[in-house]
Number of protein chains: 2
Amino acid sequence: MNKQTNSGSYDLSDFLPYLMTQAADQLSMEFQTYYREKYKMLRTEWRVVFHLGTFSELTAKDICERARIHKTKVSRAVSALDEKGYLTRKIDTNDRRHTVLHLTKAGEEVFVDLRDAAMGFDAKLREELSDEDFEVLHRLLLKYAKL
Amino acid sequence: MNKQTNSGSYDLSDFLPYLMTQAADQLSMEFQTYYREKYKMLRTEWRVVFHLGTFSELTAKDICERARIHKTKVSRAVSALDEKGYLTRKIDTNDRRHTVLHLTKAGEEVFVDLRDAAMGFDAKLREELSDEDFEVLHRLLLKYAKL
DNA sequence: TAAAATTCGTTGCAAATGAAACGATGTCAA
DNA sequence: TTGACATCGTTTCATTTGCAACGAATTTTA
């Protein structure tokens, strides 16, 4: 019924959180290499770019909530992207605690490139799966991710 | 056909590596809290304990390969576990570059407790899934994790 | 067998992370 | 009003990580 190698013993690969973490790490590797090498970006930076590319104008807080990233990490990612010239920050005149972010032209180009790369990678993965397998996987991951 | 929220736009939750990372993070959270608070252990430390508990005697190198963890991290985890009194190190007399590790009595108790907690957590997750869903999920994760 | 190369594990250093405190701003209630 | 509290984002500090260099032990090669 299950895939234990030693009869009676509990294997780490039976532990779903472990197995999923390993799988996610393997799947993320290739794409991570791409944005790290091509744009010298960290994971949080690429996620911020993605959210801004998709939703145009967001505050750091918005990104924290959407992406479930701690505000410290987002703050540093935003600073790094600002220094790279990929986004601008504009203080909200209605509530000066808020800073509205949006991508520059250069940032937009990075977004388009990375989004296309992600879509291509995704399409490739999907081709290897039957529709049924994909449906189950996507549904369960969505459920666990609580997105 | 797919779950996009904005027609025509590509959502991050469509990107399998991202979605799986988020799901894995959510699933790992509860268990992580358990070993962090109860035993002040880091993730790598619990994994080392698990491998030693399962396979009794291993070198640091063995653990690196089995768990796909960098030797630096394993080295530091082993040192930490040694200081906590959970394992012993014994230089291999046949090849003095190797150090054979194994759990102490205290380490064994930690292993049993954590393994049981993991099994319980796993069983709870599985109850919520149909056999078909579980089969698909487990098979695909094993495939991607390349374990 | 001597020199070069390899392996195992550790260490030093720079980068990345997490938690808590902070300043600036805004809200609410006395 | 003004004083207490909440929010947004940054900064500081301690911890964790990744990379490269290293020492000791062993194997390979010339």
Axis-to-axis angle across the helix from C:dT1-D:dA30 to C:dA30-D:dT1, five pairs an end, to 10 degrees?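 Helix axis angle between the two ends: 10°.
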So, B:Asp25 versus B:Ser28: side-chain donor-acceptor pair below 3.5 Å or not?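 No, no side-chain donor-acceptor contact under 3.5 Å.
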Is the closest side-chain donor-acceptor distance between B:Asp113 and B:Tyr34 under 3.5 Å?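 Short answer, yes.
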Does A:Glu109 have any salt bridge (Lys or Arg N to Asp or Glu O under 4.0 Å) partners at least two apart in sequence or in another chain, and if so, which?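 With sequence neighbours excluded, A:Glu109 shows a salt bridge (Lys or Arg N to Asp or Glu O under 4.0 Å) to no residue whatsoever.
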List for me each residue that meets salt bridge (Lys or Arg N to Asp or Glu O under 4.0 Å) alongside B:Asp92, sequence neighbours excluded, and say none if there are none.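 For B:Asp92 there are no salt bridge (Lys or Arg N to Asp or Glu O under 4.0 Å) partners, ignoring immediate neighbours.
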Readout for nucleotides 7-15 of chain C: B = base within 4.0 Å of protein heavy atom, S = sugar-phosphate only, - = neither; 5' to 3' it is BSBBBB---
Aromatic plane relationship, B:His51 with B:Phe55 - under 30° parallel, 30 to 60° tilted, over 60° perpendicular: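 Correct class here is parallel.
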Side-chain donor or acceptor of A:Asp133 paired with backbone N/O of B:Leu140 under 3.5 Å: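 Flag not set: sc A:Asp133 to bb B:Leu140 has no pair under 3.5 Å.
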A:Arg115 NZ/CZ over B:Tyr10 ring centroid, <6.0 Å and within 45° of normal: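 Checked: cation-pi criterion not met.
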Both conditions, 6.0 Å and 45 degrees, for the charged tip of A:Arg47 above the ring of B:Tyr18: are they met here?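 No, A:Arg47 does not lie over the aromatic ring of B:Tyr18.
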For residues 69-77 of chain A, which side-chain N or O atoms pair as donor and acceptor with protein atoms under 3.5 Å away, sequence neighbours left out?
unit_1, atom_1, unit_2, atom_2, d
A:His70, ND1, A:Thr72, N, 3.0
A:His70, ND1, A:Thr72, OG1, 2.6

Segment of DNA chain D, first to last nucleotide, that comes within the 4.0 Å heavy-atom reach of chain B: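 Here the contact window of chain B covers D:dT16 to D:dT26.
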